[in-house]
Amino acid sequence: MLIEELLSQELSKGLFALYKLDVPPVQLVFQKTKKEFEGDLTLVVFPFVKASRKAPEETALEIGTYLAGHLTEVSTFNAVKGFLNIVVSTDYWLTYFKGVEKQKDYAIRPVNETGDKVMVEYSSPNTNKPLHLGHIRNNLLGFSIAEILKAGGKQVVKATLVNDRGIHICKSMLAWKKWGAGETPDNTSDTACRKGDHLVGKYYVLFDKEFKVQSSKLLEQGMSKEDAEKKAPIILEVQEMLRKWEEGDPEVRTLWTLMNGWVYKGFESTYRTLGVDFDKTYYESETYLLGKKIIEQGLRKYVFEKKADHSVRIDLTADGLDEKVLLRPDGTSVYMTQDLGTAVQRFSESPDLNRLIYVVGSEQDYHFKVLFLILKKLGYKWAEDCFHLSYGMVELPEGRMKSREGTVVDADDLIKEMIDTAREMTLELGKTEFSDPAEAEELYRKIGLGALKYFMLKVDPKKKMLFNPKESIDLQGNTGPFIQYAYTRIRSILRKSELADGYLSWTADFIPEQKEKELIKLIYSFPAVIQEAGNSFNPGTIANFVYELAREYNHFYQDCPILKQESVSRRNFRLSLSAKTAEVISFSMKLLGIEVPERM
RNA sequence: GCACCCGUAGCUCAACUGGAUAGAGUGCAGGCCUCCGAAGCCUGAGGUUGUGGGUUCGACUCCCGCCGGGUGCACCA
C-alpha cells in the first residue's frame, strides 16, 4: 500500500483517538518534506490545533508519537513549528523498490476497455499554408496529453479536424490557377516547394499580394477602405470560386482535390518528423453542413430565436455573453453551427465517449465558452465533459508572429535548424565516435527534436511562451538533451555490467545513502505524477519530473561508485537502481514524444 | 469602450492548488576530468513574487483597487 494511504488512514484514527476529530482519510494529505528538513513526508498540523488546544509544535509531536506508535513504516519524526516531518523507514523504500524493479510497466494503469474514453482533438490545420511554430506547440501538446491519458488508463482517440475548405483555401487555388503555370511539387524548380504545403502556401501569399495591389488602387480612386476590400476584382473572383465549390463544380473540385493532395503529403512528412499521429481524421468539407438539424431542434425548444431578417440567434446576455448568430439570413451555417454539429456527431458516434478535449489556442476562449454553454442549453448532459485545452501563444521577442512582416517561424525550417544545431554541437564536443553516418544523422535528429519538444512542453500550456529564433534552443541545463545525456550515461554503465543479461540479485544488507533513497522516492512518485499530469492536462508536470529525476541521478552518479562498488550486493542494487531510472526516464520522455538515444 | 488572461532573480521557466527560509536553468565570478561518458558535478552573488489594501494561525496562490502587457469583441474559420 502507498505510504500516503497508510498514513492518512492511521491519522484519521489518531485524530479521533486524540482529539475526537472525525476526518475522513481522503481529506488528510501529506506533502513532500522540504529538502532542508529531515523527513520524507510532512503533515501541516495547524488545522488541528483548535481541537488539540495545544501549541502547534506540541500537537505535531503528539500526532507524530501516535503515528510512529501505530505504523512500523514510520521510523522517526520531528516537529518544526506546525509541521510534522515523518521519516519513512528505509525498509519501506527498499521493499517498494524490490517490488517494482522488474516490473516494467509499474507506473501505468492498464487501459480499461469499459472505462473512461476520451477524444483529444488537436492539430486541426488549414490546408492553405505550411505549419508554423504555433502549430508545433499544438501538435506536441495534443500528442503528449493523449499519451499521458493513455498511460493513466484511459481509452484515447486522437482526432484532427482538417480545415480543407472555405474562402481561404480557394485563395491559393485561384492564385495557382492564374499564375501557377502548371507548377507542381514534382516539377518545381523551387526546392522549398517540393514539399506540397509550401507550394500551396506560396500561392496563398501571391493571392494576398495581388489583393493588396488591387484594393489600394481602389482606395486611391477614392473608395472607402471597407469597400475597396470588398470590391477588389480578385476577391469577387475567389468568392465566385467558393460558390462553385459548394455547388460541386467539377473543375473547381478537381483543382481542390489536387492541391489539397499536395498539402496532405507535405503535412504527412512534417507529422512524421514530429512523431505525431491521429486515430481519426475529420474533414471540414464533410462536416461543415452538420449542425443545421441541431439549430432546428433548438428552435423548437425555444433555445434559439428566428429574427425578422431570418437569421437564427441565441441571446446569451443573461449569462454575461453576447448574442450569437447561428444561421445567416440565407440559411448558411457559421463556424459555431459546425462546431455544434461535430460535437453532437462525436458523442452520438461513440456513446461511450466521456471526455472531449479540444486543443486550441487561447484566442478562442470565448468561442468555446459559448459553444459549451449552447450545448448545455440544448440539454446535452455531456456538455460538461467538453473541455477546451487552451494554450497560450508562442511569441517572438518582437511579439506575435506576423505573416505580413515575414516573422512567421516555419515548422519545417525550425526542425531542420534544430537538427543542424545538434550536429554542430556534437561535432564541437568532439563526440565523433560514430562511424556510421546514418546512425549519426539519426542521433542528431533525436537530439534536435528532443531539445525542441522539451522546450515547448516544459512550459505550462496555459501560459504563453517566448521563443527567440536568434538564440537557438539550449542543449544544456534544463533541456531535452540534458535528460537524454543522463540516460546515455546510464546505458553506458549497464552495457559494461552484466545486467544486460538479466537480473542481478541483491539483498538489503546495507543502509541506503540519501542519494539512493531520493532516487527510489522519485521512482515511487512517478505513477502519481502521470495521474496528476493527466488530471491537469499538463505535460509540463512530466517534464519537471523527468528533469528532477535526471538531475538526481547525476548527483548519485557523481558520488556513488557503481561498477567500482566493492560490495556485490550494493553494486547490484545500484545497477538495478540505475536501470530502473533509465527506464523511467525513457518512458517519461516517451510521454512527451521524445526519443532517447543509446549513446550521444 | 466591454469581456477574459497574464505580470515571480538580468533572461527563460518552477513552486504539489492556502503552508516552512519562493526553487531550477541560463548568464556572470570561481572550482572539479591519471577515477563508471565534463552535453556533467560543486561553490558564490542575484527576489519587498508589478503595486496598494483586505481575508487568516499562514498569501506567489483567494477578494477589491490601481499600473503595465496580451487576447477576444464577424452573418471569417
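Each chain gets a letter, A, B and so on, in the order the sequences are listed, and its residues count up from 1.
Contact annotation for A:Asn85: base contact, defined as any heavy-atom pair under 4.0 Å involving a base atom. Heavy atoms of A:Met425 sit under 4.0 angstrom from at least one base atom. Among the protein residues, A:Leu321 comes within range of no part of the nucleic acid, since none of its heavy atoms lies under 4.0 Å from any strand. Nucleic acid contact for A:Leu466: sugar-phosphate only, since backbone atoms but no base atoms lie under 4.0 Å from a heavy atom of the residue. Residue A:Asp309 is classed as a base contact, given a heavy-atom separation below 4.0 Å to a base.
Summarising the geometry, the separation between CG on A:Asp365 and P on B:A77 is reported as 19 Å, rounded to the nearest angstrom. Between A:Gln31 atom CD and B:G23 atom P the separation is 14 Å, expressed in whole Å. For the pair A:Leu475 CG and B:G25 C1', the computed distance is 13 Å after rounding to whole Å. In this structure, A:Glu363 atom CD and B:G72 atom P are separated by 6 Å, rounded to whole Å.
Across B:G27 and B:G10, the matching C1' atoms stand 8 Å from one another, rounded to whole Å. B:U12 and B:G72 have their C1' atoms separated by 27 Å, given to the nearest Å.
The side chain of A:Arg400 places an N or O atom within less than 4.0 Å of a non-bridging phosphate oxygen (OP1 or OP2) of B:G72. Between A:Ser492 and B:G37, a side-chain N or O to OP1/OP2 separation shorter than 4.0 Å is present.
Annotation: side chain to side chain contact (heavy atoms under 4.5 Å, CB included) contacts of A:Met425 (sequence neighbours excluded): A:Leu429, A:Leu475, A:Gln476.
In the interface, the side chain of A:Thr42 is paired with the base of B:A20 through a donor and an acceptor atom under 3.5 Å apart.
Between B:A14, B:G72, B:C4, one nucleotide has an atom nearer to the side chain of A:Lys369 than all others, and that is B:C4. Among B:G40, B:C36, B:C75, the nucleotide with an atom closest to any side-chain atom of A:Val334 is B:C75.
The pair A:Asp208-A:Lys171 does not meet the salt-bridge criterion, since no charged nitrogen lies less than 4.0 angstrom from a carboxylate oxygen.
The side-chain tip of A:Arg489 points at the ring of A:Tyr557 from less than 6.0 angstrom away and within 45° of straight on.
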